[in-house]
There are 2 protein chains.
Amino acid sequence: MKEDPHDLIIQVSAQLFGRFGYKKTTMDDIAQALRMGKSSLYYYFKSKEEVFQAVVEMEASQLKAAVLVAINKESDPQEKLRQYVMVRMQKFKETVNLYEAVRSDYLMHLPFIEKVRVKYDLEEVSIIQGILKDGQQKAVFRIDDIQLGAVAIAIAMKGLEIPLLINDLENNLQLRLDKLLEILFHGIVKPPKGLE
Amino acid sequence: MKEDPHDLIIQVSAQLFGRFGYKKTTMDDIAQALRMGKSSLYYYFKSKEEVFQAVVEMEASQLKAAVLVAINKESDPQEKLRQYVMVRMQKFKETVNLYEAVRSDYLMHLPFIEKVRVKYDLEEVSIIQGILKDGQQKAVFRIDDIQLGAVAIAIAMKGLEIPLLINDLENNLQLRLDKLLEILFHGIVKPPKGLE
DNA sequence: TTTTCGACCAAAAAACCAAAATAGTCAAAT
DNA sequence: ATTTGACTATTTTGGTTTTTTGGTCGAAAA
């Protein structure tokens with residue numbers, strides 16, 4: 001079974017974009033890597049932007065898939081959420097193009113990237129919502145507004161992306177995540193009566 | 001009492017940097033605005049970078065001061081923390097140069113800005129630590145590792161900076177902050193016995 | 001019909017270069 | 001101790017040419 005040209009282009013482009021970045025990768029580069037004429041690319045994609053968008057969307061859906069697999073392995077909502085955060089942070093760094101798209105000043109302001117980012121953010125919130133809802137049904141989470149709660153958690157997660165590029169904190173990361181999760185689960189206010 | 005030239009330069013520079021940005025503001029512009037020769041500037045500062053650094057540090061310390069005033073108005077640790085988050089997010093946007101320094105791709109990677117940012121982050125963590133410690137002594141907060149807890153909260157706060165530039169959410173901001181704080185205070189896990 | 005590609009174009013980018021602007025120096029003046 | 005004008009080395013800018021690149025099209029192949 002031959003590979004669908006469409007997908008093949010996306011795969012090869014992903015590698016090139018990943019290595020050289022969006023600007024430095026030309027349509028000719030991609031065509032040459034595929035040993036086809038540049039014009040042929042335009043039979044499958046109508047612009048360079050569209051190719052990049054496809055690459056980013058592919059990576060985003062892979063990230064999403066990995067995350068879904070991880071949380072479905074767990075049944076305890078608390079553990080689901082922990083796995084979600086862990087896997088999502090872990091994989092995020094590895095998806096180079098998505099990373100660049102969200103990060104690079106140059107790309108970030110392009111309207112088509114903006115679209116992808118919003119979509120990707122919404123999916124993230126939706127996944128968290130799912131976990132929260134599940135936890136609520138199983139009566140382990142107490143949270144009144146699930147929508148807002150999910151957004152709040154997503155926001156906190158964004159904060160973790162910042163120091164990610166400043167200094168790699170492979171080691172600290174685990175520790176900080178655990179701390180963040182503990183606060184997320186139990187809060188910092190002492191329970192009223194003699195508990196715990 | 002005359003104004004200290006050093007401080008005067010910082011004040012005027014802050015306005016110019018704020019209006020035109022770091023790159024577009026020349027030392028001549030600053031000198032002219034002060035009606036002094038450009039060379040005189042170099043009597044007080046040894047480079048343009050140093051002037052900008054002084055401006056950013058001034059703004060950072062003003063932000064810190066405003067935040068300290070706000071939290072000292074409150075005595076309840078929980079309210080302290082709430083005021084801290086509110087004021088810090090509110091004022092942050094208004095300190096244009098600090099904002100640009102942390103944000104702009106061009107400036108962010110300059111080593112001297114990096115330094116300022118780290119220092120500023122550390123101070124932020126230290127303030128949060130203070131609030132947490134106070135809350136612990138007053139037995140209203142329960143948190144084992146104050147250092148890590150403060151870092152976790154600071155990280156979550158960084159997440160709030162991101163959507164700040166994407167779309168102004170003056171209105172949503174208040175709502176999201178409250179939600180984030182509620183989770184921060186009480187967590188999302190249902191307490192074991194029939195409480196609350 | 002569907003897919004590929006060479007030839008082509010307009011627009012963008014890179015290379016180049018001279019002129020202007022700018023950060024920074026210094027010796028002399030105040 | 002402070003200020004400044006004159007000076008310089010380095011960037012930045014503006015304008016021009018050349019090259020690259022994204023994208024089109026019609027013809028050829030499959």
Side-chain angles (χ1 to χ4, degrees), chain A residues 1-56 97 100-101 104-113 115-116, chain B residues 1-56 97 100-101 104-107 109-113 116:
Chain A
M1 170 210 175
K2 302 241 177 178
E3 185 96 33
D4 174 20
H6 209 270
D7 292 345
L8 196 66
I9 292 173
I10 294 178
Q11 275 184 297
V12 170
S13 302
Q15 276 183 249
L16 291 176
F17 283 137
R19 201 177 273 294
F20 304 112
Y22 177 77
K23 266 190 82 169
K24 291 280 190 187
T25 304
T26 73
M27 291 298 266
D28 258 319
D29 292 339
I30 297 171
Q32 269 188 275
L34 287 159
R35 278 186 238 137
M36 53 164 45
K38 182 184 63 167
S39 306
S40 305
L41 290 179
Y42 286 91
Y43 181 74
Y44 297 100
F45 295 89
K46 73 176 204 289
S47 71
K48 183 183 177 183
E49 289 193 354
E50 211 179 63
V51 175
F52 189 69
Q53 185 170 350
V55 167
V56 169
N97 296 300
E100 192 202 356
S104 140
D105 236 32
Y106 170 65
L107 291 174
M108 205 165 45
H109 302 316
L110 295 184
F112 77 102
I113 285 293
K115 292 255 172 69
V116 175
Chain B
M1 171 211 176
K2 301 241 176 175
E3 185 96 32
D4 174 21
H6 210 270
D7 292 346
L8 196 66
I9 292 173
I10 294 178
Q11 276 184 298
V12 170
S13 302
Q15 276 183 248
L16 291 176
F17 283 137
R19 200 176 275 294
F20 304 112
Y22 177 77
K23 268 190 79 171
K24 291 283 189 186
T25 304
T26 74
M27 290 298 264
D28 257 320
D29 292 340
I30 297 171
Q32 269 188 277
L34 287 159
R35 279 187 236 135
M36 54 164 43
K38 182 184 62 167
S39 306
S40 306
L41 291 178
Y42 285 90
Y43 181 73
Y44 296 99
F45 295 90
K46 73 175 205 289
S47 70
K48 183 182 176 184
E49 289 194 353
E50 211 179 63
V51 176
F52 189 68
Q53 185 170 350
V55 166
V56 169
N97 296 299
E100 192 200 357
S104 138
D105 238 30
Y106 170 65
L107 291 173
H109 302 317
L110 296 184
F112 76 100
I113 285 294
V116 175

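Hydrogens, waters and symmetry mates play no part in the numbers below; they use all other heavy atoms, side chains included. First the proteins, then the strands, lettered A, B, ... as listed; each starts at 1.
Pairing each heavy atom of B:L41 with each of B:M27, the nearest pair is CD1-O, 3.3 Å. Taking both residues in full, the closest heavy atoms of A:S47 and A:Y42 are given as CA-CE2, 4.1 Å, listed atom of the first, atom of the second, then distance. Here the closest non-hydrogen pair linking B:E50 and B:F45 is OE1-CA, 3.5 Å. Heavy atoms only, all atoms of each residue included: B:F52 and B:A101 are closest at CE2-CB, 4.2 Å.
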Please tabulate, one pair per line, all N/O donor-acceptor pairs under 3.5 Å involving side-chain atoms of residues 29-39 of chain A, not counting sequence neighbours.
from	atom 1	to	atom 2	distance (Å)
A:D29	OD1	A:T26	OG1	3.4
A:D29	OD2	A:T26	N	3.1
A:D29	OD2	A:T26	OG1	3.3

Distance-only donor-acceptor pairs under 3.5 Å for side chains of residues 6-25 of chain A, two or more places apart:
from	atom 1	to	atom 2	distance (Å)
A:S13	OG	A:I9	O	2.6
A:T25	OG1	A:L16	O	3.4
A:T25	OG1	A:G21	O	2.7

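When the P atom of C:dT2 is taken as reference, atom NE2 of A:H6 falls 16 Å away, rounded to whole Å. For the pair A:M36 CE and D:dA28 P, the interatomic distance rounds to 21 Å; values are reported in whole Å. Rounded to an integer number of Å, the gap from A:L34 CG to C:dC5 P is 11 Å. Rounded to whole angstrom, the span from the CZ atom of B:F20 across to the P atom of D:dT12 amounts to 19 Å. A straight line from CZ of B:R35 to P of D:dT4 spans 12 Å, rounded to a whole angstrom. To the nearest angstrom, P of C:dA21 lies 12 Å from CD of B:Q32. Atom-to-atom, CZ of B:F52 to C1' of C:dA23 comes out at 16 Å; the value is rounded to the nearest Å. Atom P of nucleotide D:dG23 and atom CD1 of A:I30 are separated by 11 Å, given to the nearest angstrom.
When each of B:K24 and B:P5 is assigned the nucleotide of DNA chain D with its nearest heavy atom, B:P5 is the one assigned upstream, toward the 5' end.
Of the residues in residues 37-51 of chain A, those lying under 4.0 Å from DNA chain C by heavy-atom distance are A:G37, A:S39, A:S40, A:Y43, A:Y44.
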